[in-house]
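As structure tokens, the structure follows; a few thoughts come after it.
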There are 2 protein chains.
Amino acid sequence: MISLEQQKNPNPEDFPSELEGLRMTKQRREVLAVILAERDHPTANDVFTRAQERMPTISLATVYNCLEALVSHSLVRQVNFERESSRYCPNLSDHCHFQDEKSGKIHDVVFKGGVKLEDLLELPQGTKISHLEISLKGRFGK
Amino acid sequence: MISLEQQKNPNPEDFPSELEGLRMTKQRREVLAVILAERDHPTANDVFTRAQERMPTISLATVYNCLEALVSHSLVRQVNFERESSRYCPNLSDHCHFQDEKSGKIHDVVFKGGVKLEDLLELPQGTKISHLEISLKGRFGK
DNA sequence: GTCGAAATTTGGAATTATTCTAATTCGGAA
DNA sequence: TTCCGAATTAGAATAATTCCAAATTTCGAC
Ligand SMILES: [Mn+2]
Ligand SMILES: [Mn+2]
Ligand SMILES: [Zn+2]
Ligand SMILES: [Zn+2]
């Protein structure tokens, strides 16, 4: 796994020309920079709006294309809550998501040291897990 | 939590006239019976098709209405995998879902005794979880 | 640098699961 | 039986996402 530092204003031009085997085009750089700039799990449309500020000609279809490329090359994670629109997360470390029902905001939740989820589940011998998603909703304690 | 026996051909007319505070109409009985009849996590459209066999006049809108009523009264669980259409599950006990990538079929996965997910997560003190969904994808071991 | 091929981007149309609307029907209480 | 609120219905609307075909960009070979 690679590590892209998260900074307030990542400069898209600082990304190498290829990441995880994915050619970094101008648009992909911009989309990635937008996602790295904040940890707020934006939707595709949020990303589109923010990308337009620096690249007014980018299209929504391209944002979807870029997101799918970045996700499939493990540069960004896709996050789903029930039937809401997908959100995108720059945190590549092992974590899951909590949505505060009051604000709607999504927060990263990390696992306590050393525990593997697979240890908790009665899975048939030899099962290979390729994808795992844990989503929580609730309220922060007062 | 109530316990509705799962049988090959549940008879909708055997359900009481009210369950968990929800008035059981003819259509709600039929939708519930369809879901109880198999443990295969049907989509709304699957439920619609099956319900039509015994009730040819039922509409898809009604199936959606019934599903939402049953889910909100905790008689049925709604199950989501990424952006796929929602599926419905009659198993009200604590479990999560595994989708076999080969067949697309969804299987219930139970938690090993005594472990609480919250024990694994670094959640802020006092957080109240109102909803939790764990979805796995992968292959069964050969 | 030029050329052609392949990849990417783009605007707009298409898709599709789900929700909404407004009219009709139903069902239980009085 | 009548009445009234709830439920059902058909069909239209919605909206996130995907698809399409044309235009543009990038890349490697020369
Ligand atoms: Mn995924
Ligand atoms: Mn739910
Ligand atoms: Zn995250
Ligand atoms: Zn289930």
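Below, chains carry the letters A, B, ... as their sequence lines are ordered, and counting in each starts from 1.
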Exercise for review: Check every strand shown and say whether T62(B) touches a base, only sugar-phosphate, or nothing at a heavy-atom separation below 4.0 Å.
Suggested key: base

For the residue pair [X] and [Y], what are the closest heavy atoms and their distance?
X       : Y      : result
I106(B) : H41(B) : O-ND1, 3.5 Å
E20(A)  : L75(A) : CG-CD2, 3.6 Å
G104(B) : Q99(B) : O-NE2, 3.1 Å

**Study point:** Segment of DNA chain C, first to last nucleotide, that comes within the 4.0 Å heavy-atom reach of chain B
**Key:** dA17(C) to dG27(C)

Practice item. On DNA chain D, check which nucleotide each of L60(B) and R28(B) is closest to and give me the residue with the more 5' one. Key: R28(B)

Review point. With nearest nucleotides of DNA chain D determined for R83(B) and N65(B) from heavy-atom distances, which residue corresponds to the more 5′ nucleotide?
Key: N65(B)

Check your understanding: Can you check whether C96(B) reaches L121(A) side chain to side chain, under 4.5 Å on heavy atoms?
Key -> yes

Practice item. Go through V34(B) and V63(B) one step at a time and tell me if the side-chain contact (heavy atoms from CB on, under 4.5 Å) criterion holds. Key: CA-CA 11 Å; V34(B) 163; V63(B) 169; over 6 Å; no

Practice item. Measure the acute angle between the ring planes of H107(A) and F98(A), then classify it against the limits of 30° and 60° as parallel, tilted or perpendicular. Key: tilted

Pair [X] + [Y]: basic N to acidic O under 4.0 Å:
X       : Y       : result
R139(B) : D100(B) : no
R54(B)  : E30(B)  : yes
E38(A)  : R87(A)  : no

Revision key, fill the gap. Within residues 40-53 of chain A, those residues having any heavy atom closer than 4.0 Å to DNA chain D are none

Check your understanding: Nearest nucleotide by nearest heavy atom, which residue falls closer to the 5' end of DNA chain C, S17(B) or A61(B)?
Key -> A61(B)

Exercise for review: Quickly, which of D108(B), L36(B), V76(B) forms a side-chain contact (heavy atoms from CB on, under 4.5 Å) with N91(B)? Name it, please.
Suggested key: D108(B)

Revision key, fill the gap. Span of DNA chain D engaged by chain A, first through last nucleotide within the 4.0 Å heavy-atom cut-off, is dA16(D) to dC27(D)

